[in-house]
Amino acid sequence: MKILVTGATGKLGSKIVETLLKSVPASNLVVSVRNPEKAEGLRNRGVEVRQSDYDRPETLDHAYKGIDRILLISADGDNETRIQQHTNAVQAAERAGVKFIAYTSLANAAESKNLMAPPHVATEAAIIKTGIPYSLLRNNWYLENELGSIQGAIAGAPWVTSAGDGKVGWALQQDYADAAAAVLAGEGHENTVYELSGPLLTQEELASALGKVLGKEIPVQQVSDEKYAEIMTGLGLPDFVIPIVVGIQESIRNGSLEVESNDFEKILGRPVTPINEALRQLVHVISQNK
């Protein structure tokens with residue numbers, strides 16, 4: 001059985017591949033990447049590396065040939081670009097006769113008001129339309145997305161947010177990677193939708209947990225979206241990123257990530273990494289990179 005992981009040199013993709021290699025022979029693994037040179041280390045370990053580009057369907061036909069099970073990791077970019085890229089990938093998987101498609105989607109995608117939801121809605125629909133057995137991995141929110149705020153808190157800055165009392169199901173990328181690997185390599189996941197969410201926390205609760213890890217109180221500043229945009233601009237974020245980060249805060253405030261679920265435990269047979277331990281790991285990574 002040949003398993004293919006797209007985007008395998010990215011932060012999530014590389015973790016998924018490493019997890020798979022613990023239970024799947026390297027000879028059964030294929031990765032498709034835009035830049036094969038970045039995957040040279042995997043090639044040296046016996047993993048087949050194929051070049052592919054979501055923007056060039058002809059490269060996808062070659063990359064997906066002879067593949068039984070595929071994980072499509074969602075691309076980066078604006079919504080319109082991502083919809084086209086994902087559609088190209090799904091259609092190529094169908095042409096290649098792939099027998100199972102897993103896809104990294106977004107929390108509560110079909111009903112979500114999150115500004116990032118449209119590509120996931122379109123991709124889920126495209127996958128289901130093929131009639132190929134699938135698993136939709138609706139990832140809630142990576143704790144790593146908060147690295148900037150965590151670094152700021154370590155340096156003595158307050159935790160700034162405009163998300164109000166909105167709750168998020170944060171979990172480490174490694175937990176999401178372990179779940180994706182379990183679905184790809186396991187059985188009984190055909191035509192499933194998994195809401196992969198950690199225990200729900202507000203920004204205040206997350207800052208409080210971080211404070212316990214750091215051994216100090218972290219003040220939380222709840223601000224307006226306008227003020228949040230102003231602060232993010234002051235921190236040097238590019239102009240095109242500002243509406244995105246503000247939109248994320250707004251969608252959290254409106255409950256788009258407030259999804260309660262035990263699907264992580266269902267897949268992994270264990271709970272997600274507890275928030276204090278997860279934060280401790282990230283604080284350690286930050287200190288190592290100084």
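As the structure is a computational prediction, the values presented were derived from the model and not from experiment. Counting from 1, the numbers follow the sequence of the chain as shown.
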query = F264 and Y176: aromatic ring centres closer than 6.0 Å?
reply = yes
query = With no hydrogens and no angle check, do the side chains of T59 and Q51 hold a donor and an acceptor under 3.5 Å apart?
reply = no
Distance-minimising heavy-atom pair for G169 and N140 = N-OD1, 3.0 Å
Residue list, side chain to side chain contact (heavy atoms under 4.5 Å, CB included) with A110, at least two apart or on another chain = R138
key: Shared hydrophobic cluster, V5 / Y134 (ILVMFWY, side-chain heavy atoms < 4.5 Å)   = no
ask   = If you measure only the distance, is there a donor-acceptor pair under 3.5 Å linking the side chains of S112 and S256?
value = no
key: Residues that P133 engages under side chain to side chain contact (heavy atoms under 4.5 Å, CB included), provided they are two or more places apart   = F100, E190, N191
task = List the steps and the verdict of salt bridge (charged side-chain N to carboxylate O under 4.0 Å, His left out) for K129 and E94.
result = CA-CA 10 Å; K129 186 181 173 187; E94 186 176 16; over 6 Å; no
query = Relative to each other, are the rings of H189 and Y194 parallel, tilted or perpendicular (30° and 60° limits)?
reply = perpendicular
query = Under the side chain to side chain donor-acceptor pair (under 3.5 Å) criterion, do Q174 and T19 qualify, and how do the steps go?
reply = CA-CA 9 Å; Q174 188 62 57; T19 303; 3.1 Å; yes
key: Sequence-distant partners of T233, side chain to side chain contact (heavy atoms under 4.5 Å, CB included), two or more places apart   = I242
task = May I ask you to check whether Q281 and E277 show a side-chain donor-acceptor distance below 3.5 Å?
result = yes
ask   = How about D76: does its CG atom have over 12 heavy atoms from other parts shown lying under 6.0 Å from it?
value = no
query = Excluding sequence neighbours, so at least two apart, what forms ring pair (Phe, Tyr, Trp, His ring centres under 6.0 Å) with Y54?
reply = none
remark   = Rounded to the nearest 0.5 angstrom, the CD1-OG distance for I154 and S287 is 7.5 Å
task = Inspect the surroundings of NZ in K65 and state if more than 12 heavy atoms from other residues, nucleotides or ligands are less than 6.0 Å away.
result = no
ask   = Do D55 and Q85 have a side chain donor and acceptor closer than 3.5 Å?
value = yes
key: I70-M1 co-clustered via ILVMFWY side chain contacts under 4.5 Å   = no
query = Is it true that I248 and F240 fall in one hydrophobic cluster, defined by side-chain heavy atoms closer than 4.5 Å?
reply = no
key: Which residues share a side-chain hydrogen bond (donor to acceptor under 3.5 Å, both in side chains) with D165, sequence neighbours left out   = none
ask   = Taking only residues two or more places apart in sequence, or in another chain, which ones meet E230 in a salt bridge (Lys or Arg N to Asp or Glu O under 4.0 Å)?
value = K227
